[in-house]
Amino acid sequence: MNETLNDLKVTYDQQGYFVLKDYFNADELIPLRQVVLLFHQNWQQDNQHFYQTEAFNSSLITGTQYLAAAERLQLFNFISSAKMTQVIETIIPHKPAFMNTQLFFNPCTTTQENFWHRDCQYDHDLAGQQQAIKDTQVVHFRVPLFDEPGMELVPGSHKRWDTQEELDVRLARKRKFSSDELSSGKKIPLNTGDLLVFSADMIHRGLYGQDRLAFDTLVFDSSGDFVDYVDDDCLPNQQMLKQIENPTIFNNTLHLKSLNCHEQAC
């Protein structure tokens, strides 16, 4: 790793993202790609109309619906591998907790436009979004499984509110579209083996093209109020935890779940 871990943390705090080029080798990615492609195939068969008309991503990859226990265990071990854990704990040093996984791919409809957004806009009004970027944020750890155009990000937007141009485009108002170009955008091409780390609440959009298939792990600081977003089915059971070399990230989530359950007297 060319940059020290401290350098990466500084870069993330300032810019809201960074890329580690060629971070994973082929031997690490081949089994991950096989499992993810199996999930993607099973998911497509079960969501044919949605996939063919508008889909560009799926989630809950570690759940039980489309993968057997052995494949789920492979994913859990990759997510908590030494290479992933080193970066996760650099960015989230205080009890990082697993939230979810997502898979991003090209839409079937070639005319479908990508769009600028902050993840928090799907849960909050504008005032809530302004507060969300001041609070603890969820972090994406993206592993492209094939070479792809990557992402376009607005550096530093994880800690500041939109400019007038950014807000009009993101909200598709004042004769603007959410797919319009932004003068503040920065394109980040990604290749197999890279690791892109970025804040979920910065202004960003995916770039369609090539063989785009990106596997994202979403992680949050345990002090953040995100545990209700975690689907129980996507967590390892007790037997699986014993087979995961470093289950800390999952144990942190399970601990938060137990606290939440206790508070609700469930």
Side-chain angles (χ1 to χ4, degrees), residues 4-18 20 23 59-64 72-73 75-102 118-124 128-143 157-159 195-202 204 215-266:
T4 67
L5 295 178
N6 185 59
D7 289 338
L8 293 177
K9 183 69 166 69
V10 170
T11 298
Y12 178 83
D13 289 344
Q14 292 176 346
Q15 300 295 315
Y17 80 97
F18 61 83
L20 293 175
Y23 189 58
S59 63
L60 312 178
I61 322 300
T62 61
T64 62
R72 295 180 66 219
L73 185 59
L75 291 182
F76 290 134
N77 271 313
F78 178 85
I79 291 166
S80 61
S81 64
K83 280 191 173 180
M84 286 286 287
T85 298
Q86 178 177 238
V87 180
I88 290 171
E89 292 183 345
T90 296
I91 304 307
I92 309 176
H94 177 70
K95 295 184 178 179
F98 172 80
M99 173 184 278
N100 191 11
T101 48
Q102 294 181 318
R118 297 179 186 266
D119 285 11
C120 60
Q121 73 187 55
Y122 303 110
D123 296 304
H124 302 288
Q129 293 170 41
Q130 289 177 305
Q131 183 60 46
I133 62 176
K134 297 177 182 178
D135 296 337
T136 302
Q137 298 178 16
V138 177
V139 182
H140 283 255
F141 296 82
R142 172 164 297 191
V143 180
S157 60
H158 66 309
K159 286 192 172 180
L195 174 63
L196 168 65
V197 179
F198 67 98
S199 165
D201 289 330
M202 74 187 308
H204 64 280
F215 176 70
D216 280 27
T217 299
L218 281 66
V219 184
F220 64 99
D221 188 311
S222 288
S223 64
D225 187 21
F226 297 110
V227 69
D228 286 341
Y229 291 93
V230 183
D231 190 314
D232 290 346
D233 185 61
C234 293
L235 295 169
N237 57 34
Q238 291 302 313
Q239 182 179 356
M240 282 184 172
L241 285 171
K242 297 175 183 177
Q243 301 175 71
I244 299 173
E245 188 172 340
N246 179 18
T248 303
I249 189 175
F250 307 112
N251 281 328
N252 287 340
T253 304
L254 289 165
H255 177 67
L256 292 172
K257 282 277 189 180
S258 67
L259 293 177
N260 200 42
C261 187
H262 179 71
E263 290 175 359
Q264 298 177 13
C266 57

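- Rounded to the nearest 0.5 angstrom, T217 OG1 and F78 CZ are separated by 7.0 Å.
- With a 4.5 Å cut-off on side-chain heavy atoms, S222 and L256 count as touching.
- Partners of H158 under the side chain to side chain contact (heavy atoms under 4.5 Å, CB included) rule, at least two apart in sequence or in another chain, are Q137, S199, M202.
- The CZ atom of R142 lies 4.5 Å from the CZ atom of F198; values are rounded to the nearest 0.5 Å.
- Minimum interatomic distance between P236 and L254 (heavy atoms only, all atoms of both residues): O-CD1, 4.2 Å.
- Checked by atom type and distance alone, the side chain of D201 pairs as donor or acceptor with a backbone atom of C120 at under 3.5 Å.
- Looking at N251, N252, L259 one by one, the single match for side chain to side chain contact (heavy atoms under 4.5 Å, CB included) with H255 turns out to be L259.
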Are T253 and I249 close enough, and set up right, to give a side chain to side chain contact (heavy atoms under 4.5 Å, CB included), and what steps lead you there? CA-CA 7 Å; T253 304; I249 189 175; 5.5 Å; no
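- Using a distance-only test at 3.5 Å, with no hydrogens or angles considered, no donor-acceptor pair links the side chain of T85 to the main chain of A82.
- V139 places a side-chain heavy atom less than 4.5 Å from the side chain of V197.
- Rounding to the nearest 0.5 Å gives a distance of 9.5 Å between CD1 of I61 and CG of D216.
- Heavy atoms from other residues, nucleotides or ligands lying under 6.0 Å from CG of D225 number 12 at most.
- Residues satisfying the ring pair (Phe, Tyr, Trp, His ring centres under 6.0 Å) test with F215, not counting sequence neighbours, are none.
- R72 places a side-chain N or O within 3.5 Å of a backbone atom of T62 that can act as its donor or acceptor partner.
- Applying the side chain to side chain contact (heavy atoms under 4.5 Å, CB included) rule to Q121 yields the partners H117, R118, Q129, R170; only residues at least two apart in sequence or on another chain are considered.
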What side-chain donor-acceptor pairs closer than 3.5 Å can you find for residues 240-247, not counting sequence neighbours?
residue	atom	partner	partner atom	Å
Q243	NE2	Q239	O	3.4
N246	OD1	T248	OG1	2.8

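- In terms of the salt bridge (Lys or Arg N to Asp or Glu O under 4.0 Å) criterion, D221 has no residue partners (sequence neighbours excluded).
- Considering all non-hydrogen atoms of both residues, T90 and L5 come closest at CG2-O, 3.2 Å.
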Would you please test H204 and D119 for side chain to side chain contact (heavy atoms under 4.5 Å, CB included) and show each step? CA-CA 9 Å; H204 64 280; D119 285 11; 3.2 Å; yes
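- Of the residues listed (N6, T11, D13, D7), the one engaging K9 in a side chain to side chain donor-acceptor pair (under 3.5 Å) is D13, and it is the only one.
- When the salt bridge (Lys or Arg N to Asp or Glu O under 4.0 Å) test is applied to D135, no partner is found at least two apart in sequence or on another chain.
- Put simply, OH on Y12 and CD1 on I92 are 7.0 Å apart, with the number rounded to the nearest 0.5 Å.
- With sequence neighbours left out, the side chain to side chain donor-acceptor pair (under 3.5 Å) criterion links K83 to E28.
- A search for ring pair (Phe, Tyr, Trp, His ring centres under 6.0 Å) contacts involving F98 returns F250, not counting sequence neighbours.
- In terms of the side chain to side chain donor-acceptor pair (under 3.5 Å) criterion, residue partners of T64 (sequence neighbours excluded) are, by chain and number, D233.
- Contact between I88 and I79 at its shortest, heavy atoms only, is CD1-O, 4.1 Å.
- Shown here are the salt bridge (Lys or Arg N to Asp or Glu O under 4.0 Å) partners of K134, two or more places apart in sequence or in another chain: there are none.
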Under the side chain to side chain contact (heavy atoms under 4.5 Å, CB included) criterion, do L8 and L20 qualify, and how do the steps go? CA-CA 9 Å; L8 293 177; L20 293 175; 3.9 Å; yes
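- Nearest heavy-atom pair, F220 versus V138, reported as atom, atom and distance to 0.1 Å: CB-CG2, 4.3 Å.
- Counting heavy atoms from C-beta outward, Y23 and V87 have side chains that approach closer than 4.5 Å.
- For D232, the salt bridge (Lys or Arg N to Asp or Glu O under 4.0 Å) criterion is met by K257, not counting sequence neighbours.
- The line from CD of Q131 to CD1 of I133 is 9.0 Å long, rounded to the nearest 0.5 Å.
- Looking at L195 and F141, their side chains come closer than 4.5 Å, going by heavy atoms from C-beta outward.
- Taking K95 as the reference, nothing meets the side chain to side chain donor-acceptor pair (under 3.5 Å) condition, with sequence neighbours excluded.
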